[in-house]
Amino acid sequence: MNHMEEMWDFPVMEGIDFPNANRVHPLMQKRVETLLRHLYLDNNIKKAALFGSSLEFRCCSRSDIDLYLEKYDRDRKLEPLPEVGCEVDIVTNLSPESALYREIDAKGLLLFER
């Protein structure tokens with residue numbers, strides 16, 4: 001993850017402060033920051049990555065946020081997410097051999113890993 005040379009470099013909106021925020025479309029930066037702060041408090045989350053249109057120029061006001069999460073305890077449910085003004089699609093604990101995992105690994109933005 002984080003193949004920066006292949007990612008867009010967006011302007012960072014005022015007040016946004018998380019690593020690699022410039023790789024997230026400006027329409028999604030505040031939303032992603034809100035989710036990131038929430039997810040980081042959940043000690044069951046080992047890894048969080050952003051993928052999909054939030055990282056691309058084609059992002060628009062109708063776009064959703066696609067998150068990949070690896071959890072330590074796969075069966076433990078996530079805490080309810082805060083409202084961010086758009087749909088949030090979450091994929092968890094994919095096999096590294098799956099096509100979607102390989103795509104996320106190639107094009108996704110690692111938000112954090114413990």
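Since this is a predicted model, take the numbers as computed values, not measurements.
- Note that the CG atom of L109 and the CD1 atom of I104 stand 12.0 Å from one another [nearest 0.5 Å].
- Using a 4.5 Å heavy-atom threshold, the side chains of L50 and I65 count as touching.
- Remark: M13 CE to H25 NE2 distance equals 10.0 Å, nearest 0.5 Å.
- Qualifying side chain to side chain donor-acceptor pair (under 3.5 Å) partners for E87, counting only residues two or more places apart in sequence or in other chains: none.
- K107 and M7 get closest at one heavy-atom pair: O-CE, 4.2 Å.
- Taking all atoms of both residues into account, the shortest heavy-atom contact from E113 to L110 is OE1-CD2, 3.9 Å.
- When atom types are taken as modelled, the side chain of Q29 and the backbone of A21 share a donor-acceptor pair closer than 3.5 angstrom.
- Two residues are said to be in side-chain contact when any heavy atoms from C-beta on lie closer than 4.5 Å; Y68 and E103 fail this criterion.
- In this structure, the side chains of E33 and D17 come closer than 4.5 Å at one or more pairs of heavy atoms.
- In plain terms, the two heavy atoms of G52 and R58 that are nearest each other are C-NH2, 4.4 Å.
- I90 places a side-chain heavy atom less than 4.5 Å from the side chain of L81.
- Side-chain heavy atoms closer than 4.5 Å link hydrophobic residues (I, L, V, M, F, W, Y) into clusters, and following such links, even through other members, never connects F10 to L35.
- With contacts defined as side-chain heavy-atom distances shorter than 4.5 Å, the pair L111/V32 qualifies.
- In terms of modelled atom types and a separation under 3.5 Å, the side chain of R102 and the main chain of E97 share a donor-acceptor contact.
- Annotation: the span from S61 atom OG to M28 atom CE amounts to 8.5 Å, rounded to 0.5 Å.
- No donor-acceptor pair closer than 3.5 Å links the side chain of R23 to the backbone N or O of L55.
- No path of Ile, Leu, Val, Met, Phe, Trp and Tyr side chains, each step under 4.5 Å between heavy atoms, connects L27 with L36, placing them in separate hydrophobic clusters.
- When atom types are taken as modelled, the side chain of N44 and the backbone of L78 share no donor-acceptor pair closer than 3.5 angstrom.
- A donor-acceptor pair under 3.5 Å links the side-chain atoms of K71 to the main chain of R76, judged by distance alone.
- In this structure, R114 and Y72 have side chains that are in contact, with non-hydrogen atoms separated by less than 4.5 Å.
- Taking 4.5 Å as the limit, every side-chain heavy atom of S54 sits out of range of all side-chain heavy atoms of S63.
- Applying the ring-ring contact (aromatic ring centres under 6.0 Å, His included) test to residues at least two apart or on different chains, the pairs with a partner in residues 38-67 are W8-F57, Y40-F112.
- Residue-environment remark: CD (E79) stays at or below the threshold of 12 foreign heavy atoms within 6.0 Å.
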